[in-house]
Amino acid sequence: MDLLDTLTAKGLLGEVPTREEALAVLATTDDELLDVVAAAGRVRRRWFGRRVKLNYLVNLKSGLCPEDCSYCSQRLGSKAEILKYTWLKPEQAADAARAGVAGGAKRVCLVASGRGPTDRDIDRVTDTMAAIKDADPEVEICVCLGLLSDNQAERLKAAGADAYNHNLNTSENTYGSITKTHTYADRVDTVQKAHGAGLSACSGLIAGMGESDEDLVDVVFALRELGSDSVPVNFLIPFEGTPLAKEWNLTPQRCLRILAMVRFVNPDTEVRIAGGREVHLRSMQPLGLHIANSIFLGDYLTSEGQAGQTDLDMIKDAGFEVEGAGEATLPRHRADIAEAVAASSCGTTASSCGTAASACGSGGGCGPCGGHAHTPAEATAAEGTEDDELRSDLVKVRRRGAGTELAPNA
């Protein structure tokens, strides 16, 4: 297949495909699926070998968010029966992080619901990072707290954060259809603030909200242009009680094509299979490992993942190995760029940095949170059709781990 030969050749050289080529990947047929996976797998192995990086989520504060993101079970007005709690104490968060590290996680992602952190919240996260680093100085810490204000990224970097997550979620043209309380530009600004402070940029997307192929390609190319070191690919978990509860648009084959497109556009970047892989990839999860080089271990923010030991068995059975703490995730040339950005970050004040990408570079985002979604009104209008049956039996709300009395499944 000429398309796949071209994409493979470009990927092995670290070159980016055209927009038309990326769209063509999403348009391939199920008969071509294994060829697509094999081509993306060659690119993945060129830059990342057979290593799989494990990441572990700790939800520091759950629910009670003032934002109206249609996809999120923690949103304003959500009726999803999720755990709701305010900030975990540093020692509680450190205990939760230890479970993930013990399971093989190399990076701990500290996430808190809300529009963005106050300065007091930054202090809380600083104390939590110190508790985690005291127990394991080598663990990577990614922080995901929403929209950042001036100086906050610099404070997190100085306190020991390695990365900041803030997902773009969907294309700029369709962002307003999933969220009204902030803008796409707000998200880009936060990614730029984080990268400008020398934090590794983790920023991704959510697929399955009713978006078009063009929307997916738009957001993936935008992430590439922002310089994301890590691109989490989330698949919408349609929580009952949210506007997108009936959005079951994904098949395992569709998910694999999306992952392959992301890999071809980001050949030498960490591509992570994030929220929703168990729900949508199901028994085809091992094929995803041939494309992505990173996954979350165990549970997510408000939903349960498969058992951590099952993840480890899957990695081993598929012929891959867990990436060790001493191994570099990114290829040397990408690591050099990241180190250069960190070394040349524009001082410690936002006034010396600004928010323009030309000033300090750009980047950004990590936790499971889009695409072009139906509006709440459209979702309501769709109720009652046979094709829109709720499938809440596939969505398991998290009842264990951080914020509960039960042990995590890492």
Side-chain angles (χ1 to χ4, degrees), residues 53-65 73-74 82-114 117-118 120-146 155-165 199 202 232 272 274-275 278 294-313 315 322-326 366-369 396-410:
K53 181 175 183 178
L54 298 181
N55 309 267
Y56 187 71
L57 283 166
V58 178
N59 201 4
L60 299 178
K61 179 165 72 80
S62 184
L64 312 174
C65 183
S73 60
Q74 303 183 78
I82 61 168
L83 291 168
K84 296 181 177 67
Y85 54 85
T86 190
W87 290 91
L88 297 180
K89 295 179 180 178
E91 55 272 20
Q92 293 174 308
D95 285 344
R98 274 193 288 275
V101 174
K106 181 177 180 178
R107 171 175 287 191
V108 172
C109 302
L110 302 176
V111 188
S113 62
T118 65
R120 173 68 185 118
D121 294 336
I122 297 292
D123 289 338
R124 290 189 177 100
V125 176
T126 295
D127 292 342
T128 297
M129 287 194 292
I132 293 171
K133 292 275 190 178
D134 283 346
D136 188 348
E138 299 301 315
V139 68
E140 295 179 11
I141 295 182
C142 180
V143 182
C144 180
L145 306 175
R155 288 183 61 194
L156 291 169
K157 173 67 176 177
D162 299 285
Y164 195 83
N165 163 255
L199 292 165
C202 173
R272 183 181 312 156
E278 297 89 346
S294 180
I295 64 171
F296 280 106
L297 177 75
D299 292 331
Y300 302 96
L301 297 178
T302 61
S303 64
E304 290 185 3
Q306 65 189 21
Q309 187 58 53
T310 302
D311 286 337
L312 298 176
D313 291 342
I315 291 168
V322 173
E323 184 174 288
C366 169
C369 268
K396 295 183 179 179
V397 175
R398 182 173 71 83
R399 300 297 183 198
R400 59 196 176 196
T404 78
E405 299 292 323
L406 301 177
N409 71 338

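We number each residue from 1, following the sequence as shown.
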Q | Test: Glu304 and Lys396 ion pair at under 4.0 Å | A | no
**Q.** For Lys133, all residues meeting salt bridge (charged side-chain N to carboxylate O under 4.0 Å, His left out), sequence neighbours excluded
**A.** Asp162
Q: Over all heavy atoms of both residues, which pair between Gly104 and Val322 is shortest? Give the atoms and the distance, please.
A: O-CG1, 3.9 Å
Q: Identify whether NZ of Lys or CZ of Arg in Arg398 sits under 6.0 Å from the centre of the six-membered ring of Tyr300 and within 45° of that ring's axis.
A: no
Q: Run the salt-bridge test on Lys89 and Asp127 with the 4.0 Å N-O cut-off and return the result as yes or no.
A: no
Q. Short question: side chain of Asn55, backbone of Arg107 - any donor-acceptor pair under 3.5 Å?
A. no
Q: Please report the closest heavy-atom contact between Leu297 and Ala410, naming both atoms and the distance.
A: CD2-CB, 4.1 Å
Q: Would you give the length of the straight line joining atom NZ of Lys53 to atom OG of Ser294, rounded to the nearest 0.5 angstrom?
A: 6.0 Å
Q) Residues two or more places apart in sequence or in another chain: which of them pass side chain to side chain donor-acceptor pair (under 3.5 Å) with Ser113? A) none
Q. Who are the salt bridge (charged side-chain N to carboxylate O under 4.0 Å, His left out) partners of Lys106, not counting sequence neighbours?
A. Glu323
Q. Among all residues two or more places apart in sequence or in another chain, which pass the salt bridge (charged side-chain N to carboxylate O under 4.0 Å, His left out) test with Arg399?
A. none
Q. Do you know the tightest heavy-atom contact between Leu83 and Thr404?
A. CD1-CG2, 3.4 Å
Q | Evaluation steps, side-chain contact (heavy atoms from CB on, under 4.5 Å), between Tyr56 and Val58 | A | CA-CA 7 Å; Tyr56 187 71; Val58 178; 4.1 Å; yes
Q) Do Lys61 and Leu88 come within less than 4.5 Å of each other through their side chains, counting heavy atoms only? A) no
Q.
With rounding to the nearest 0.5 angstrom, report the CG to CG distance, Leu54 to Leu312.
A. 6.0 Å
Q. CG/Leu110 to CG/Leu60 distance, rounded to the nearest 0.5 angstrom?
A. 5.0 Å
Q) If you measure only the distance, is there a donor-acceptor pair under 3.5 Å linking the side chains of Asp311 and Gln306? A) yes
Q: Over all heavy atoms of both residues, which pair between Gly305 and Glu278 is shortest? Give the atoms and the distance, please.
A: CA-OE2, 3.4 Å
Q: Go through the structure and list residues passing side-chain contact (heavy atoms from CB on, under 4.5 Å) with Ala161, not counting sequence neighbours.
A: Met129, Val143, Leu156, Leu199
Q. Run the side-chain contact (heavy atoms from CB on, under 4.5 Å) check on Val108 and Glu140 step by step: do they pass?
A. CA-CA 6 Å; Val108 172; Glu140 295 179 11; over 6 Å; no
Q. Can you tell me how far NZ of Lys84 sits from OG of Ser73, rounded to the nearest 0.5 angstrom?
A. 8.5 Å
Q: Mind running side-chain contact (heavy atoms from CB on, under 4.5 Å) on Tyr164 and Leu145 for me, showing each step along the way?
A: CA-CA 8 Å; Tyr164 195 83; Leu145 306 175; 3.4 Å; yes
Q) Quick one: does Asp299's side chain get under 4.5 Å of Leu57's, heavy atoms only? A) no
Q: Could I get the full list of side-chain contact (heavy atoms from CB on, under 4.5 Å) partners for Asp121, not counting sequence neighbours?
A: Trp87, Pro117, Thr118, Arg124
Q) Nearest 0.5 Å, what's the OH-CG distance between Tyr85 and Asn59? A) 4.0 Å
